[in-house]
Each structure stands twice: as C-alpha cells, then as structure tokens.
Amino acid sequence: MSSQEKTEILNAPEQPREREQRYDAQKIEQKWHQRWQQKPELYRAEPPNSARKKYYVLEMLPYPSGALHMGHVRNYSIGDALARFMWMKGYNVLHPMGWDAFGLPAENAALKNNTPPREWTLQNVANMKRQMNRLAFSYDWDTEITSCLPDYYKWNQWFFLKFFERGLAYRRKSKVNWCPECATVLANEQVVNGCCWRHEETPVEQRDLEQWFLRITKYADELLRDIEVLEGWPEKVRTMQRNWIGRSEGAQVEFQIENTADKVSVFTTRIDTIFGATSIQLAPEHPLVSRLIGNDPDLLSRLDELINDQRMAREAGDPNALEKRGFFTGTNAINPFNQEKIPIWIANYILMEYGTGAIMSVPAHDDRDYEFARKYGLEVRIVILPRRHEHGTQQDPALPYTAMDSLLINSGEFSGLGNHEAIKKMTQFAEQNAFGKGTVTFRLRDWGISRQRYWGTPIPMLYCDKCGIVPVPEKDLPVLLPEKVEITLQGGSPLSRVPEFVNAKCPKCGGVARRETDTMDTFVDSSWYFYRYTNAKLRTAAIDSKAVEYWFPIDQYIGGVEHAILHLIYSRFWTKIMRDMGLIKNSEPVERLFTQGMVIKNGAKMSKSKGNIVSPDEMVERYGADSTRVYALFAAPPDRDLDWQENGVEGVSRFLAKVYRLVTRYANFTGERSTKASAGSRELERKLHQTIRRVSSDFDGRWHFNTSIAAIMELVNAITAADAQIASGAITAAQIRSTMRSLVLMLAPFAPYIAAELWETLGEQSPILRATWPQFDPELAREEEVEVPIQINGKNRSRIVVPVGLPEAQVRELALKDEKIRSLIEGREVAKVIVVPDKLVNIVVR
RNA sequence: GCGAAAGUGGCGGAAUUGGCAGACGCACCAGACUUAGGAUCUGGCGGGUAAAACCGUGAGGGUUCGAGUCCCUCCUUUCGCACCA
C-alpha cells in the first residue's frame with residue numbers, strides 16, 4: 001500500500017462506502033483455489049507424536065460414478081465444517097478421502113462405451129476429485145486410497161488368506177440370491193424387498209452355487225452386545241443393527257417320528273406352550289420331506305406349489321400377500337413331553353433358513369399357527385392363561401393369546417408355573433431327558449462375498465485336482481486383475497474366460513491348477529479402508545498398528561443412513577477380527593456416527609427419471625462454492641431431509657456479498673476515533689459474544705448448522721444496524737476490526753474461500769485454518785436489561801423493562817404497579833402472581 | 001401388522017430446560033437511491049380488526065398459573081422391519 005493511500009484512509013474514515021468492493025465469488029475462489037493447490041500440507045495431519053490432541057473426522061467414501069451429486073456435497077460440507085472447526089480449536093485433524101472404486105457400474109459403462117473399467121473409473125475419480133477441490137474440502141490427498149488399485153486390493157486378498165487360515169472364510173454350496181440384472185450373487189443385506197438393492201424393480205432369483213463366505217455369525221453375539229457401547233450412534237441405526245442380527249433365545253426339541261428311527265428337531269422360543277402343540281410344520285425344503293412323502297405324485301405337486309409360493313412371496317417382498325397353506329404328510333410325530341401323537345404337516349410359512357426349518361405349531365398361542373389351524377381345522381388347545389384367572393372365574397382369553405405374563409394349565413407337572421419359570425424348567429427337563437436343549441438362534445447369516453464379476457478383488461484361491469482348494473501363497477500377492485478382459489453380463493465371471501488368468505500352477509504340488517474366478521463383494525473394500533488412511537502408503541502391511549492406535553477410534557463418522565446395516569455392520573465385524581489377529585487394539589471402529597438426511601427437490605428424491613437433478617458443478621459455476629456449501633448447511637438441520645431451492649442459494653449468495661462489502665468497507669479503519677464506550681458499542685460486543693456462544697455450542701452439540709449460520713446472519717444485521725454509530729465514531733475502530741475478525745473466523749468452517757480472502761483483507765498473513773477460534777466471554781454476552789411480559793390469566797397484557805437478575809419480589813412489585821395492569825385488575829381479586837425471573841410475570845385473577 | 005421419526009406462516013425452517021410462537025432465510029408488498037434494477041438500503045409481512053378484542057403449532061381430550069414442548073386417544077407422512085417360530 002502506498003503512503004498516499006494510507007493517508008487517504010486515515011483522513012477519510014467517514015466515507016467508508018467508497019472503499020467497499022463488490023463480491024466476485026469466481027475471482028476470489030479461483031485465486032485461493034490456485035494457492036491451496038500449491039499448499040497441500042495445509043490439510044496434512046501432524047504425526048502421532050503431535051502435541052495437539054487428535055481428531056479423526058471421516059466421511060463415507062464415494063463410489064466414483066462420474067460426478068458428485070448434492071448428497072455428497074451435503075455430506076462433505078458437514079464433515080469439512082467440522083474438520084475446519086477442529087483445526088481452529090487446535091486439534092490435530094485427520095480428514096482423509098478415498099474411492100470405493102470397484103463395482104458393477106464400471107462394467108456396464110465398459111459395455112456401453114467400450115471403455116475399460118479401469119480407465120472409466122480413474123477418469124471418474126479425477127473428475128470427482130476436481131469437484132471436491134473446487135468445493136474446497138480440506139482433504140489430505142496424501143492419504144488417498146483407491147480400492148481398485150493393486151496396492152489396496154492386495155490387502156483385501158491378504159485379509160482373505162488370514163481369514164481362511166482362521167476358519168473365518170469358507171466355501172460351500174448354498175442357495176444364493178441372484179440378480180439377473182447384475183448377473184451376480186447378492187448378500188442377504190443387498191436384497192431389499194425381494195429385489196436387488198441396485199435394481200429395485202428386479203426380483204432376485206434363488207440359485208445353487210459354490211460360494212465363499214465370511215463367518216460373521218461367529219461374531220453375532222459380540223456384534224450385538226457391543227451395540228450397547230455405541231452411545232455416539234443414532235438410536236435408529238443401533239435398532240436396525242439389533243434387528244438385523246436378530247438374536248432369539250429358545251430351545252430345540254426333538255420329536256420322534258412315528259414308526260421310524262428319525263427325529264425332527266424344532267426350534268421354539270416358547271417351550272412353555274409345548275403341551276399346546278397340535279402339529280409339526282416343516283419347511284417345504286426340509287430334508288425330511290422327501291422321506292415323508294416319498295414319490296406320491298399328488299403330494300409332490302402340492303409340495304411344488306408350496307415352494308413356488310415361497311419364491312413368489314420372496315419376490316413380492318410382502319409376506320402378507322401370501323395365504324398360508326400346507327398339507328398333512330400322513331405321518332405323525334410324538335411330543336416328548338406327553339407322548340402325544342401329532343400330525344406332521346408341510347407349510348409354506350415355514351422358512352428353511354431360520355432355526356431348524358421346522359416348528360411345533362401351537363395355534364392357541366401363536367398368531368401364524370392360529371391362522372393356519374383355523375383354516376385347516378386343526379385342534380386349538382389352550383395351555384396358558386392370563387394371571388388374573390388364577391382365582392375366580394375361568395374365561396378363555398381372546399385367541400391367539402401370546403402374552404408372557406401368564407400361567408400354565410393342562411401342562412402336566414408344569415401346570416401352575418409362570419411362563420418364565422416354565423421355560424427354564426421345561427428346557428432343563430428336555431436336557432435331562434436328552435431330547436432337547438436351550439439354544440440361541442440368529443437371523444444373521446454368514447456373509448457371502450463371491451461375485452461372478454470382473455471388476456473386483458480376485459479371491460486368492462486355487463483349485464488343484466490333486467490338492468483340492470489351495471490358497472495363493474502370501475508372497476505371490478497381489479493376484480492381479482488382468483487388464484484385457486471381454487465383459488459380458490452372461491455366463492458367470494468374465495475372468496473365467498481369460499485362460500492366462502485361470503491357468504496356474506499349484507503352489508503345493510506344482511501341478512496344474514485353476515484359479516478362482518469370482519471376485520469379492522465391494523463391501524470388503526470399505527470394511528477396513530479407514531484403517532489404511534492412517535498410513536496409506538505402507539507397502540509392507542495392510543495397516544500400521546501404531547498409527548491406528550493413535551488415530552482410532554474415528555471420532556466422527558458421517559454418511560447416509562442407507563449404510564446402517566451393510567457397511568456399518570461389516571466394518572464392525574472386520575474390526576473385531578483385526579483385533580483378534582492382534583493388529584489393532586480397539587474393538588469398535590467408530591466412536592460417533594452421524595447420518596445426514598437426503599437432498600430432495602420438489603419433495604422427491606433427486607433422480608434422472610424425475611429430471612430433478614441439481615448439479616453441483618452448475619451451482620458452483622453460478623453462485624460459487626461458498627454459497628453452495630453454506631446453503632447445503634443452512635437450508636435444514638443436517639439430520640433432516642433438505643429440499644433444494646435455488647433461490648435459497650441465491651439468498652445465501654446475497655448474504656456473503658453483504659459480508660464481503662461490510663468487511664472490505666471497514667477493514668482499513670485505523671486509529672482511535674473514539675475512546676468512550678457507547679451503548680451501541682456495548683450492544684455490538686454483546687451480540688458478538690452471543691453469536692460466538694451459539695456457533696461454538698452448535699459444533700459441540702446438536703450440529704444445527706442452520707441455526708449457527710442464522711446467528712452469523714444476525715450478527716451481520718447487527719453490524720449493519722450499527723452503521724450510523726460506526727460512521728459517527730461512537731464505536732471504536734478497534735472494536736470494528738475485532739468484530740470483523742471474529743465474524744470472518746466464524747464463517748471459515750462454512751465458507752472457506754471468502755473467509756480466507758477477507759482474512760487477508762484484514763491484514764492477516766497466516767492461514768485462517770490455523771487461526772484460533774474466537775473466545776467466548778460469558779460476561780460480555782450477558783444482557784443487562786430484559787423486557788418481561790406481564791400476563792393476566794396467561795394472556796400478554798403489558799411489558800416492563802427490568803435489570804437482569806432482579807429479585808422476584810421486586811419484579812412482582814413493578815408488575816403490579818404497571819399502569820396498564822393496574823387498570824386491568826382493578827376491582828378483581830388477585831389469586832396468585834407467578835414470577836419467573838427474567839422471563840415473565842403471570843397474574844391470576846378471578 | 002410391528003417399531004421409529006416427523007407434522008409450526010405462501011415456502012425452507014427457529015423456539016437447548018413447560019415461560020413473549022414464527023429467529024434466520026426465501027417469496028411477496030411498499031418506499032428510498034436510480035437512466036435502469038433481477039444491485040443496494042429502509043420498512044412491512046400468521047389469520048382477523050379501522051384499531052383493538054379475539055383465533056392460531058395435524059385433530060380431539062387432559063395435566064398446569066402457563067403447553068409447539070408433558071400425558072392419553074386418533075389422523076397423516078416418511079423411514080426401518082416384516083411369516084424369524
């Protein structure tokens with residue numbers, strides 16, 4: 001600045017408007033974008049020996065589909081605001097980003113555009129990275145991971161081998177969910193309403209295939225138990241996981257089949273009702289079925305119908321759509337508790353996958369059994385009654401009666417017991433007599449990870465005619481995915497048609513071996529990626545245990561609720577195995593989880609078919625990154641759905657322009673223009689500290705950034721309102737400058753570009769990201785006077801201004817003396833006066 | 001069917017603990033500045049009234065001096081689960 005300019009400013013503070021500048025978002029953002037591209041170390045965390053306290057903030061990594069959508073922008077704007085805030089609070093912040101880069105869309109794109117999946121994916125990565133940088137998300141790209149590159153997926157393979165060694169990965173033939181659209185298998189978690197999670201209109205089919213599974217059921221109990229520890233997770237997600245794991249305690253009881261040596265085992269949670277069992281119901285696919293019905297053509301065709309029913313129900317996704325039906329096999333079983341013969345039926349409402357695939361049917365005390373029994377005229381026998389019938393009149397309860405607060409009747413020696421006691425004693429009885437035992441059943445199934453696709457991590461296994469299944473030796477990793485592969489959506493894995501890939505040598509006997517051609521589910525990639533971030537370039541191991549020990553658990557994880565069960569349960573599972581392998585010490589990966597709401601437009605989810613997609617690039621081009629980001633946080637609290645309205649973005653843009661004018665206008669005020677603290681100056685100071693309080697506490701607690709930003713807007717309005725006093729010198733230049741400084745600091749987590757620009761305008765040299773968050777002073781935020789409404793019978797009738805903290809008695813006195821109030825209560829009896837200090841007075845009159 | 005969340009102006013949303021309903025923003029209206037305004041500034045803006053009164057937080061009831069907030073019943077929307085024995 002020339003000395004002439006300086007003189008000008010000193011001499012002419014009374015005409016500040018001449019110095020204000022127009023806000024040109026594009027120009028400012030280009031300038032800082034370029035600077036920041038050259039200073040990536042700005043976002044780099046310090047090594048684990050840092051004196052700062054660590055803070056690991058993580059957003060879910062995207063699938064590189066081509067371009068960011070508004071959901072990403074929102075997700076990452078939340079995370080970035082937090083990361084920047086934590087930097088300014090003095091933490092050592094790890095804020096990484098990566099790419100969930102394997103997956104079917106790359107193959108579809110390859111088919112459509114004739115571009116190899118790798119090329120297509122990496123192009124998308126480059127584009128989305130450009131968008132992220134343009135939006136100024138503060139990622140440390142030094143820790144970037146890309147799951148489709150061998151230096152990452154090598155470790156998927158390594159983990160797989162370790163799991164195999166530990167018996168946690170195994171192969172078996174099983175009925176699998178097959179999506180004809182994807183031409184591959186889906187995990188149970190990926191089946192939504194009987195359809196594919198990616199193709200919501202495509203019903204999944206059942207097929208029999210040899211598959212690799214991970215034994216997640218081994219951790220079912222721990223995964224369930226530790227949900228209790230996850231206090232920083234939304235209750236909704238915890239509930240969803242509990243339901244998904246679906247633990248239920250009960251008993252298995254074996255029923256002898258009449259005239260044979262065979263037994264049928266049933267699972268029940270209500271062994272206390274076993275004296276009410278009037279039939280056995282088998283799943284149509286139960287292994288005993290063929291023996292029971294032989295080759296009776298009539299029964300076989302009825303069996304087919306039941307199997308068909310189940311398939312249809314699965315595809316419809318609505319069990320109520322299916323009417324229960326079944327038939328008698330002609331054979332009876334014997335109830336081990338009372339030696340009673342009961343018929344064995346086959347029914348379409350019994351699932352082979354759950355429990356033992358067979359139940360004892362107790363129509364009186366189970367909704368489904370009741371419905372079925374009524375239809376077929378099976379006996380309904382009441383064996384429990386509500387407790388109130390203990391003495392007095394016996395009246396049958398409404399059926400089916402399933403309450404646990406009841407007493408047994410007609411149950412031999414167990415009659416008279418309460419349910420809970422009966423369950424205990426009857427289970428014991430079954431164990432003593434060796435026809436049953438207490439068991440726990442889970443809904444959770446082992447995780448099938450085989451996919452008959454090309455674009456994924458090759459499963460590092462070999463099949464040798466002599467040695468059978470042989471793992472690829474660790475030293476031969478990675479098993480590279482071949483580059484030149486013809487992609488088709490039929491006939492199993494494309495890899496099976498690449499001889500160079502398939503043909504291999506058996507590492508055991510040196511003979512001819514065939515490579516596994518299935519690849520891994522991409523949820524494998526995302527199950528442990530956040531560990532890799534802590535030392536992403538490590539070549540000698542999957543993770544750096546020391547670094548993990550410093551950074552974990554993740555302090556804050558942010559993403560969509562759609563991953564509540566899939567990704568988030570697999571990640572927890574993976575963590576527990578890694579702990580058991582001695583790689584890490586933590587048992588859970590994520591301390592706090594935040595699930596943000598969806599971005600919608602005109603009340604509907606954005607989608608191509610609805611044509612209501614808002615492109616981030618377009619927003620950034622039109623209004624700038626800052627406005628886009630601030631709007632994404634301002635329009636709704638982050639956990640709720642957000643309706644994207646473009647004139648809202650415009651409003652935010654106007655607000656930023658106002659801030660820009662304001663700060664540039666007053667930035668160069670120098671020297672004391674007043675020494676007396678005026679009332680206006682005190683008021684502005686108070687407003688500033690109230691704002692600091694609100695914004696800071698929103699970061700600490702509720703994350704309602706919409707109200708934080710509203711508070712900042714109020715502060716800006718207050719400064720504007722104080723304009724006359726600033727011009728007249730009633731507010732000191734020093735105060736204006738420090739107010740501007742705090743304002744800019746508070747804006748920095750939300751709108752980093754304009755904040756950096758104005759920071760410089762205010763004469764600051766060092767990066768605002770390393771500046772200290774404004775200090776809140778409760779003394780300065782305190783109001784001195786407060787306006788108190790006076791109510792009569794709960795209706796506002798007058799108001800008085802009193803000093804804050806004025807004792808109750810005095811407030812009461814002032815209220816009763818108030819002119820308006822006196823005239824209104826004249827001649828009426830005051831029954832009661834309620835005084836809430838600093839809040840209100842309510843006079844109750846009759 | 002079961003479970004959870006939500007329902008507040010024309011719109012997005014405020015109201016941390018039972019204490020002035022509608023902060024902040026959008027839209028709209030009026031005015032100022034202006035050659036001009038899709039810039040900026042000022043004012044207005046739940047319904048109602050000339051002004052008041054009065055009525056207003058999905059509906060109905062309750063507790064309380066006082067309810068958007070607590071309790072009960074119901075309605076609507078969204079999400080999750082869904083023959084799990």
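What you see is a predicted model, and the numbers here were worked out from it, not measured in a lab. Naming: A, B, ... by sequence-line order, numbering from 1 per chain.
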- Geometric class of the A/His567/A/His563 ring pair [parallel <30°, tilted 30-60°, perpendicular >60°]: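 A/His563 and A/His567: perpendicular rings.
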
- Item | Distance flag, aromatic centroids of A/Phe435 and A/Phe255, threshold under 6.0 Å |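 Centroid distance A/Phe255-A/Phe435: not below 6.0 Å, so no.
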
Nearest-angstrom distance, [atom1] atom, [N] to [M]:
| N | M | atom1 | value |
| --- | --- | --- | --- |
| B/C11 | B/C75 | P | 25 Å |
| B/C41 | B/A50 | P | 35 Å |
| B/U16 | B/A27 | C1' | 30 Å |

- Provide the Watson-Crick or G-U wobble partner of B/A5, both distances under 3.5 Å; none if there is no partner.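 With both distances under 3.5 Å, B/A5 matches B/U77.
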
- For B/C24, which nucleotide is its Watson-Crick or G-U wobble mate, given both distances must be under 3.5 Å?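 Answer to the pairing question: B/G12, which forms a Watson-Crick or G-U pair with B/C24.
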
- Which of residues 835-843 of chain A have a heavy atom under 4.0 Å from RNA chain B?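 Those residues are A/Val836, A/Lys839, A/Leu840, A/Asn842.
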
[atom1] of [X] versus [atom2] of [N]: gap in Å, rounded?
| X | N | atom1 | atom2 | result |
| --- | --- | --- | --- | --- |
| A/Lys605 | B/C79 | NZ | C1' | 12 Å |
| A/Ile359 | B/A85 | CD1 | C1' | 6 Å |
| A/Asn706 | B/G12 | CG | P | 14 Å |

- Message: When you measure from the side chain of A/His704 to the backbone of A/Pro637, do you find a donor-acceptor pair of N or O atoms at a distance under 3.5 Å?
- Response: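 Checked: no pair found.
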
- Carboxylate-amine/guanidinium proximity below 4.0 Å for A/Arg445 and A/Glu353: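 Here A/Arg445 does not pair with A/Glu353 in a salt bridge, since their nearest N and O are not under 4.0 Å apart.
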
- Given side chains that start at C-beta, do those of A/Phe337 and A/Ile271 come closer than 4.5 Å, heavy atoms only?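 With C-beta onward as the side chain, the pair touches.
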
- Task: Nearest-nucleotide wise, let me know which of A/Gly794 and A/Asp366 is further upstream toward the 5' end of RNA chain B.
- Result: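 The residue closer to the strand's 5' end, by nearest nucleotide, is A/Gly794.
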
- B/C65 phosphate, OP1 or OP2, under 4.0 Å from A/Arg812 side-chain N/O: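 No, outside the criterion.
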
- Message: So, OP1 or OP2 of B/C55: does either fall under 4.0 Å of a side-chain N or O from A/Lys795?
- Response: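 It does, given that an N or O in the side chain of A/Lys795 lies less than 4.0 Å from OP1 or OP2 of B/C55.
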
- Which part of the nucleic acid, if any, lies within contact of A/Arg702, taking any heavy atom under 4.0 Å across all strands shown: a base, the sugar-phosphate backbone alone, or nothing?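 Here A/Arg702 touches the backbone only, sparing every base.
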
- Query: Between A/Asn348 and A/Gln310, is any side-chain donor less than 3.5 angstrom from a side-chain acceptor?
  - Reply: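 Absent: no donor and acceptor within the cut-off.
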
